Amino acid sequence: MNFNDTVYAIVRQIPAGKVASYGQVAALAGSRRASRAVGYALHRNPYQYKVPCHRVVFKDGSLTAGFGLGGKALQRQLLEAEGVEFTDDGRVDMGRYRWQTAEIGIFIT
DNA sequence: GATCTGACATTAA
DNA sequence: ATTAATGCCAGAT
């Protein structure tokens, strides 16, 4: 499994109404510091219909600075539509909406 | 084929 | 607590 495909497989498992950080995805993909590769993988691969990129946010819960078209506004809109709560800082309430990988016991082969 | 860049995170100072 | 440097992977030049 390529790192890229692994990333997609993981992000695709993120349930609606939850958000995962790049580092988390990277860690699940094999390297916890490969968060950069994760973000770039999503950037160049418009698998939007398969990969809910909007559910992938910063570790702090802040939104991506260069999210396709619409940027943070669109991302926030999508997340709010899923029931994700936003703070006054425009960040996601990670304490409640952070994706618990243990929930599905993800195990990418 | 080598080098640089890019949706980040972590560690050290 | 904040700032700087390093690491990671894949694509583009």
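Letters A, B, ... are given to chains in the order of the sequence lines, protein chains preceding strands, and every chain is numbered from 1. Every value quoted in this text rests on a predicted model; they were computed, and no experiment measured them.
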Heavy-atom contact window of chain A on DNA chain C, given 5' to 3' at under 4.0 Å: C:dG7 to C:dG11

Distance (rounded to the nearest 0.5 Å) between A:Asp5 CG and A:Arg12 CZ: 9.5 Å

What's the [atom1]-[atom2] distance between [X] and [N], to the nearest Å?
| X | N | atom1 | atom2 | result |
| --- | --- | --- | --- | --- |
| A:Arg36 | B:dG6 | CZ | P | 9 Å |
| A:His43 | B:dC4 | NE2 | P | 20 Å |
| A:Arg91 | B:dC8 | CZ | P | 16 Å |
| A:Tyr40 | B:dG6 | OH | C1' | 6 Å |

Earlier contact from the 5' end, DNA chain B, for A:Val38 and A:Arg33: A:Val38

Checking [X] side chain against [Y] main chain: does a donor-acceptor pair fall under 3.5 Å?
| X | Y | result |
| --- | --- | --- |
| A:Gln75 | A:Phe67 | no |
| A:Tyr8 | A:Ala41 | yes |
| A:Glu82 | A:Arg55 | no |

Residue-phosphate contact under 4.0 Å: A:Arg32 side-chain N/O, B:dT11 OP1/OP2: yes

A:Lys72 side-chain N/O to B:dA7 phosphate OP1/OP2 under 4.0 Å: no

A:Val92 side chain near A:Phe86 side chain, heavy-atom distance below 4.5 Å: yes

Validation row: A:Val57, A:Leu79 side chains within 4.5 angstrom (heavy atoms): yes

Closest to the A:Thr64 side chain, choosing from B:dA7, B:dT11, B:dA9: B:dA7

Closest listed nucleotide, where the reference is the side chain of A:Tyr22 and the choices are B:dG6, B:dT10, B:dA7: B:dA7

Position toward the 5' end of DNA chain C (nearest nucleotide), A:Ser35 or A:Asn4: A:Ser35

